[in-house]
Amino acid sequence: LPEGEPWVFSDTLGLMRDRCGKYMLTGPSRYLEVCRVLNRWMKDNVNSAIDFCCTSISVNMDYAAKLHRDSNNCGPSVCKAVGDFEGGRLGYFADDDNTMELPMLKADHKQEAVYLDVKADFQLFDGLRGHWVEPFKGQRLSFVFFSVSKYWKTKPSVLGALEERGFPVPTAEWN
């Protein structure tokens, strides 16, 4: 969470693992056509050389995430932001190997941050590596497509419901 903020406007469509380890569709996934449209949008706009798969979409409104590594994510993620805003690029440590604590990443001059312009285009990154959203002004809505870790433990009926919603569910070959 950003400093001083108790919560953010954020929701997830698709698969989620609850605190007990059960894999299920999130409540907002009931909006079948919204899931389908967002997945089609991603598939039609991500570089065709990338065969991107995902189980979930995080939708965030005006959220400038601080430096973090995703903990419930397989890694490969695609992000796109829309709205009337300036700034808000995705800062990313592409060479982060998880051996350094997060605060040290920015202080380490060997770690070179890259900035991905998620407003201009869909951007692929590894959510398991340090990343953050740079400050921005205006209204920013972001969409992060990713796969929940250990998604393969999901019941076939839930995977079928994901596919019905247009999620390009990863296969064993992808993993």
Side-chain angles (χ1 to χ4, degrees), residues 1-5 7-17 37-151 166-171 173-175:
L1 292 174
E3 295 295 325
E5 297 294 328
W7 57 280
V8 296
F9 289 106
S10 181
D11 224 329
T12 301
L13 300 167
L15 190 65
M16 180 176 155
R17 188 172 67 216
V37 165
L38 290 174
N39 280 303
R40 172 55 54 199
W41 177 50
M42 182 271 296
K43 287 182 214 173
D44 287 350
N45 290 283
V46 168
N47 181 331
S48 61
I50 301 168
D51 188 20
F52 189 75
C53 300
C54 66
T55 64
S56 311
I57 307 166
S58 180
V59 182
N60 309 295
M61 181 66 187
D62 292 336
Y63 179 36
K66 62 185 177 182
L67 178 61
H68 69 284
R69 293 180 184 113
D70 296 335
S71 59
N72 189 23
N73 180 326
C74 287
S77 302
V78 165
C79 183
K80 174 74 172 118
V82 298
D84 184 15
F85 66 94
E86 293 179 15
R89 296 178 301 172
L90 182 69
Y92 175 56
F93 289 110
D95 295 327
D96 177 15
D97 62 4
N98 284 306
T99 59
M100 223 180 272
E101 291 187 28
L102 284 171
M104 298 306 297
L105 279 175
K106 283 191 175 183
D108 182 14
H109 298 295
K110 294 176 191 165
Q111 288 287 335
E112 198 69 34
V114 294
Y115 289 87
L116 305 175
D117 188 354
V118 295
K119 185 176 185 178
D121 207 351
F122 284 80
Q123 300 289 335
L124 178 68
F125 70 102
D126 183 345
L128 300 179
R129 298 171 191 242
H131 60 283
W132 70 99
V133 174
E134 83 180 341
F136 61 89
K137 290 183 182 175
Q139 290 190 316
R140 181 180 184 275
L141 182 63
S142 66
F143 302 85
V144 182
F145 298 79
F146 66 97
S147 288
V148 171
S149 61
K150 300 182 183 177
Y151 63 84
F167 283 91
V169 178
T171 61
E173 298 82 38
W174 181 81
N175 198 20

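The shown structure was predicted, so the numbers you read here are calculated from the model rather than taken from an experiment. Note: hydrogens, waters and symmetry copies are ignored here, and every other heavy atom, side chains too, is used.
Rounded to the nearest 0.5 Å, atoms CG (D126) and CG (D95) are 11.5 Å apart. One finds the CZ atom of R69 at 9.5 Å from the CG atom of L128 (value rounded to the nearest 0.5 Å). For the atom pair CG (N60) and SG (C79), the distance works out to 8.0 Å, reported to the nearest 0.5 Å.
Around CD of Q139, the count of heavy atoms belonging to other residues, nucleotides or ligands within 6.0 Å does not exceed 12. In the displayed structure, D44 atom CG is contacted under 6.0 Å by more than 12 heavy atoms of other residues, nucleotides or ligands. Counting non-hydrogen atoms of neighbouring residues, nucleotides and ligands closer than 6.0 angstrom, the NZ atom of K150 reaches no more than 12 such neighbours.
Checking side-chain atoms of S147 against main-chain N and O of C74 turns up no donor-acceptor pair under 3.5 Å. Between the side chain of R140 and the backbone N or O of G88, at least one donor-acceptor pair lies under 3.5 Å. Using a distance-only test at 3.5 Å, with no hydrogens or angles considered, no donor-acceptor pair links the side chain of K80 to the main chain of Q123. Looking only at distances, a side-chain donor or acceptor of D96 sits under 3.5 Å from a matching main-chain atom of G130. A donor-acceptor contact shorter than 3.5 Å links the side chain of S56 to the backbone of L15.
Pairing each heavy atom of W132 with each of Y92, the nearest pair is CZ3-N, 3.7 Å. Of all the heavy atoms in A113 and F93, the pair that sits closest is CB-CE2, 3.6 Å.
Contact of the V114 side chain with the F125 side chain is not registered, since no non-hydrogen atoms from C-beta on lie closer than 4.5 Å.
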Going through the distances and angles, do S58 and F146 end up as a side-chain contact (heavy atoms from CB on, under 4.5 Å)? CA-CA 8 Å; S58 180; F146 66 97; 4.0 Å; yes
Walk me through it: do R129 and L105 pass the test side-chain contact (heavy atoms from CB on, under 4.5 Å)? CA-CA 10 Å; R129 298 171 191 242; L105 279 175; over 6 Å; no
Does D70 form a side-chain contact (heavy atoms from CB on, under 4.5 Å) with H131? I'd like the steps, not just the answer. CA-CA 9 Å; D70 296 335; H131 60 283; 3.5 Å; yes
Start with the C-alpha gap between F167 and C54, add the side-chain angles, then the distance that decides, and say whether side-chain contact (heavy atoms from CB on, under 4.5 Å) holds. CA-CA 6 Å; F167 283 91; C54 66; 4.1 Å; yes
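When each of D11, L38, V144 is checked for a side chain to side chain contact (heavy atoms under 4.5 Å, CB included) with I57, only L38 meets the rule.
Using the six-membered ring where Trp is involved, F85 and F136 have ring planes that are perpendicular, over 60° apart on the 30 and 60° scheme. Using a 30° and 60° split on the angle between ring planes, F145 and F122 fall in the tilted class, from 30° to 60°.
Using a 4.0 Å cut-off between charged nitrogen and carboxylate oxygen, K137 and E86 do not count as a salt-bridge pair.
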